[in-house]
Amino acid sequence: MNNYDDAIEQEGNIKIVVCQEKGRKYVLNNISEKYIRKIHVDGNLIKTGVRCDYAVDISDGDSVYLIELKGSDKEHAFEQLLVTLDFFHKKYTTKKYFCRAVLSRTKSPNLMGKNEKLLMKAVKEKRCENYDSASVVFDKDKI
């Protein structure tokens with residue numbers, strides 16, 4: 001995965017990768033100290049249309065984490081993750097994908113919308129290993 005050099009924000013054997021904006025934060029703990037590329041997708045890798053904020057490519061593995069930092073619109077966050085997942089999957093079919101949405105707050109009731117159902121379908125089709133969301137800070141991922 002090398003044709004996104006202009007969008008790389010950080011790379012190396014980074015122990016803790018942080019993606020954040022407007023009070024929302026995603027943290028990936030790289031306890032095995034693998035080589036990582038943090039890619040700024042929104043406006044850099046994908047310049048127009050719907051897209052997520054960041055991707056974290058685990059270079060000596062086969063995984064990519066797609067991250068969307070959002071206000072309260074979980075449905076739109078899942079749409080952004082789906083579109084970005086399709087973009088990456090078309091180019092890199094052998095990678096495993098993990099989708100993460102970090103929301104500043106969630107709306108009530110927390111019903112499953114159309115885009116979340118589509119993301120669940122993507123998980124079943126093996127394009128995506130799993131998806132998860134959290135409020136304000138997501139720090140569950142460890143590699």
Side-chain angles (χ1 to χ4, degrees), residues 1-11 14-32 34-143:
M1 240 175 151
N2 262 343
N3 58 349
Y4 50 59
D5 290 341
D6 293 341
I8 294 173
E9 198 169 274
Q10 190 178 17
E11 68 180 312
I14 309 154
K15 289 185 180 183
I16 299 173
V17 178
V18 177
C19 303
Q20 64 184 12
E21 76 177 29
K22 297 180 184 172
R24 294 164 307 269
K25 181 160 91 172
Y26 171 82
V27 179
L28 174 69
N29 291 293
N30 184 11
I31 56 178
S32 56
K34 293 183 177 185
Y35 192 86
I36 288 178
R37 287 187 179 98
K38 176 181 161 186
I39 302 136
H40 194 188
V41 175
D42 186 4
N44 290 310
L45 181 64
I46 303 173
K47 300 204 186 291
T48 61
V50 175
R51 68 267 186 190
C52 74
D53 293 312
Y54 291 95
V56 179
D57 177 27
I58 315 304
S59 295
D60 59 348
D62 62 351
S63 303
V64 175
Y65 288 78
L66 301 174
I67 297 105
E68 174 56 30
L69 305 167
K70 197 72 171 162
S72 62
D73 193 349
K74 183 171 144 181
E75 187 67 6
H76 189 243
F78 287 149
E79 177 187 18
Q80 291 171 282
L81 289 167
L82 271 167
V83 170
T84 308
L85 175 64
D86 287 340
F87 172 86
F88 272 84
H89 188 260
K90 284 176 186 171
K91 294 176 181 262
Y92 315 106
T93 58
T94 60
K95 295 276 189 180
K96 293 179 188 173
Y97 296 94
F98 300 84
C99 293
R100 304 294 186 246
V102 184
L103 307 164
S104 59
R105 60 194 176 283
T106 56
K107 293 179 183 176
S108 234
N110 194 12
L111 301 174
M112 186 179 294
K114 176 183 122 186
N115 290 319
E116 186 170 6
K117 289 176 185 173
L118 289 171
L119 201 49
M120 284 179 63
K121 184 178 177 186
V123 169
K124 289 178 183 174
E125 292 172 352
K126 302 297 183 203
R127 292 185 304 166
C128 181
E129 288 295 305
N130 64 41
Y131 75 95
D132 201 354
S133 63
S135 220
V136 185
V137 177
F138 188 105
D139 60 358
K140 304 176 207 174
D141 290 331
K142 293 173 181 38
I143 56 167

| query | How would you list, by chain and number, every residue that makes a salt bridge (Lys or Arg N to Asp or Glu O under 4.0 Å) with Lys25, sequence neighbours excluded? | reply | none
| For Lys15, does the NZ atom have more than 12 heavy-atom neighbours from other residues, nucleotides or ligands under 6.0 Å away? | no
| note | Value for CZ (Phe138) from CG (Leu28), rounded to nearest 0.5 Å, stands at 9.5 Å
| Nearest 0.5 Å, what's the SG-CD distance between Cys99 and Gln80? | 11.5 Å
| task | Search all heavy atoms of Asp57 against all heavy atoms of Ser63 and return the closest pair with its distance. | result | OD1-O, 3.5 Å
| said: Quick one: does any side-chain atom of Tyr97 pair with a main-chain N or O of Phe88 as donor and acceptor, under 3.5 Å? | reply: yes
| query | Hey, mind stepping through Thr94 and Asp62 against side-chain contact (heavy atoms from CB on, under 4.5 Å) and telling me if it holds? | reply | CA-CA 7 Å; Thr94 60; Asp62 62 351; over 6 Å; no
| query | Under 4.5 Å between any side-chain heavy atoms of Asp141 and Tyr65, yes or no? | reply | yes
| task | Apply side-chain contact (heavy atoms from CB on, under 4.5 Å) to Asn130 and Arg100, showing your working. | result | CA-CA 9 Å; Asn130 64 41; Arg100 304 294 186 246; 2.7 Å; yes
| Is there side-chain contact between Val56 and Ile67, with heavy atoms separated by less than 4.5 Å? | yes
| request: Measure the acute angle between the ring planes of His40 and Tyr54, then classify it against the limits of 30° and 60° as parallel, tilted or perpendicular. | output: parallel
| field | Closest non-hydrogen atom pair between Ala55 and Val64, with its separation | value | CB-CG1, 4.2 Å
| In Å and rounded to the nearest 0.5 Å, what is the CD1 to NZ distance from Ile14 to Lys34? | 14.5 Å
| message | If I take atom OG from residue Ser32 and atom CD1 from residue Ile143, how far apart are they, to the nearest 0.5 angstrom? | response | 5.0 Å
| note | Correct closest heavy-atom pair for Val83 and Val50 would be CG1-O, 3.1 Å
| request: Please lay out, stage by stage, how Asp53 and Tyr26 fare under the test side-chain contact (heavy atoms from CB on, under 4.5 Å). | output: CA-CA 11 Å; Asp53 293 312; Tyr26 171 82; over 6 Å; no
| said: Ignoring hydrogens, what is the shortest heavy-atom contact between Ala77 and Leu103? Give both atom names and the distance. | reply: CB-CD2, 4.3 Å
| message | So, taking the atom named CG in Asp73 and the one named CZ in Phe78, what distance separates them when rounded to the nearest 0.5 Å? | response | 10.5 Å
| Any donor-acceptor N/O pair, Arg24 side chain to Lys70 backbone, under 3.5 Å | yes
| field | Residues which pass side-chain contact (heavy atoms from CB on, under 4.5 Å) with Ile46, listed by chain and number, not counting sequence neighbours | value | Val41, Arg51, Thr84, Phe87
| said: Ignoring hydrogens, what is the shortest heavy-atom contact between Arg37 and Ile8? Give both atom names and the distance. | reply: CD-CD1, 3.5 Å
| query | Backbone N or O of Val27 within a donor-acceptor pair of the Asp139 side chain at under 3.5 Å? | reply | no
| note | When rounded to the nearest 0.5 Å, the distance separating CD1 of Ile39 from CD of Glu9 is 10.0 Å
| Taking every non-hydrogen atom, the tightest pair across Val136 and Gly23 | CG1-O, 3.4 Å
